[in-house]
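The block underneath contains the structure these notes are about, expressed in C-alpha cells.
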Amino acid sequence: MGRRKNNSNNNQCSSSKEDTDMNSNHLRFEEADEAVDESSNLDQSMCDIEESDDKTSADYYFDSYSHFGIHEEMLKDSVRTKTYQNVIYQNKFLFKNKVVLDVGAGTGILSLFCAKAGAEHVYAVECSHMADMAKEIVEANGYSNVVTVLKGKIEEIELPVAKVDIIISEWMGYFLLFENMLNSVLYARDKWLVDGGVVLPDKASLHLTAIEDADYKEDKIEFWNNVYGFDMSCIKKQAIMEPLVDTVDQNQIATNCQLLKTMDISKMAPGDASFAAPFKLVAERDDYIHALVAYFDVSFTKCHKLMGFSTGPRSRATHWKQTVLYLEDVLTVCEGEAIVGSTTVAPNKKNPRDVDIMLKYSLNGRRCNVSRVQYYKMR
C-alpha cells in the first residue's frame, strides 16, 4: 500500500510497533496516558499554494480515458465487469425491447451486453477519443443496427429519441465520488429517463473502518524526514492530505465498519453527493490505529435477485481498491473503545471532479486521548 505519516509533535498519542509481540495478533501496551489538543492539519500557506494551482483534474479527465491502459484495467476487473454482465444477462426481462442509454460508455462493453440481452436500441455516449474505437468495436461485432455510439459530453449531446427506458453506467470513482461522473448520470436521468424507468446501478453506499498500518506509514511518510541525508519533512504536510488509493489487507482492520452514506441513484438530487455523516468505530482488539479506510458497495436492486459488489478489504479486490486516510496521530485503542467523529465530503469548489474530505475524530481511551480535525483532497 501507500500510506501516511506519524507526526510526533504536539504530544500526539503514539506507540512504537516495535513493542508488538510478533507471534500474536494483539499488541502489548505501555501503561501511559497521553493527550493531544484539538488541531488541524490544514496549513494556511498550503491553502494559498493550492488556490494558485491552475492545473485541474477536469482538464485531463476526458483525455485520460482516451488511453487504452485504463480501459484494459477496468475490463480485466472481473468483479466489476462480470457483475454488470451478470446483471444484464440474468435479467433480460429488464432489457428486452427496451431503449438503453449508456453514460460514459468507454469501449462500449456494457452497450454490447445490453444489445446481446435483447435491447431494442442502445445509445452509447462517450466523450473521449475512445468513442471512435467503440464505433469500430460495435461494427466488428455486428451490432451497428442496435448500438449507436455518440461522441460528446452527456450534457451537450442530443439523443435521437425523446426518452429512454434504462440508463446504465459505470460511473463510480475512487472513494465512490472522485471524478464526479455521478452528476452526469443524474443529468441524463432527469432529461431522458421515462417515468418508471430503471437506473443501473441504483444504489451505492460509502463505508468507513480503521486499520493498523505502522510499517507502510513509516515507509511513505517518515521517509521524508531523511532523504539521502537531507531534511524534506515539509513534504509530509502535503503527503498526509492526499488520500492513498491502495489495497488494504483485511487483517489490518481493527474496528467495525461504519456506513456513512447510502445513495439512491434513481431519486437523489445532484447536491446529495455532498454530505456530512457521523461515525463510531469500535475497536475489536487492542491495537494501534494509523489510518481510516473508505470503500463503497454498489447494488442493482431492480434485478430478479439482488445483485452487486463491494470494494471493501474483505471482498475480492477491484481496480478501485480502497481509499486510505492517514491520521496525524497514532491512536492506541483497547478493545471496546470507540473512535467517534464525523466526515464531511464535497466536490472541490475550484475543480469539481476533485473531492474535499474533512475528518473530525476523537478518542477518549484508557491509554490515549485525542481530538483532531484533518483535511484531505483527492485530486
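What you are looking at is a predicted structure, and each value in this text was computed from that prediction instead of being measured. All values below were derived from every heavy atom in this structure, side-chain atoms included, with hydrogens, water molecules and symmetry-related copies excluded.
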Say whether [X] and [Y] are linked into one hydrophobic cluster, either directly or through other cluster members, by side-chain heavy-atom distances under 4.5 angstrom.
{"X": "Tyr376", "Y": "Phe175", "answer": "yes"}
{"X": "Val194", "Y": "Trp192", "answer": "no"}
{"X": "Val245", "Y": "Leu206", "answer": "yes"}

_Between Lys236 and Glu222 (salt bridge meaning N to carboxylate O under 4.0 Å), is one present in this structure?_
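Counted as a salt bridge, because a side-chain N and a carboxylate O are separated by less than 4.0 Å.
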
*Answer yes when Lys135 and Glu139 have at least one side-chain N-carboxylate O distance shorter than 4.0 Å, and no when they do not.*
no

_Tell me which pairs pass ring-ring contact (aromatic ring centres under 6.0 Å, His included) where either residue lies in residues 77-105, with sequence neighbours left out._
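Listed once each, the pairs are Tyr84-Phe300, Tyr89-Phe113.
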
*Pairs in or reaching into residues 225-251: which pass ring-ring contact (aromatic ring centres under 6.0 Å, His included), with residues at least two apart or in two chains?*
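Every candidate ring-ring contact (aromatic ring centres under 6.0 Å, His included) pair involving residues 225-251 fails, so no pair, neighbours aside, qualifies.
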
*Can you check whether Phe275 reaches Thr343 side chain to side chain, under 4.5 Å on heavy atoms?*
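No - every pair of side-chain heavy atoms lies 4.5 Å or more apart.
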
Is there a donor-acceptor pair closer than 3.5 Å between any side-chain N or O of [X] and the backbone N or O of [Y]?
{"X": "Glu126", "Y": "Gly106", "answer": "yes"}
{"X": "Gln322", "Y": "Val293", "answer": "no"}
{"X": "Asn256", "Y": "Val282", "answer": "yes"}
{"X": "Arg80", "Y": "Met74", "answer": "yes"}
{"X": "Arg316", "Y": "Thr311", "answer": "no"}

*So among Glu155, Glu156, Glu158, which one has a salt bridge (charged side-chain N to carboxylate O under 4.0 Å, His left out) with Lys191?*
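That would be Glu158; it is the only one of Glu155, Glu156, Glu158 passing the salt bridge (charged side-chain N to carboxylate O under 4.0 Å, His left out) with Lys191.
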
*So, Trp320 versus Phe309, ring centres under 6.0 angstrom or not?*
yes

*Give the ring-plane orientation class for Tyr123 versus His121, where under 30° counts as parallel, over 60° as perpendicular and anything between as tilted.*
tilted

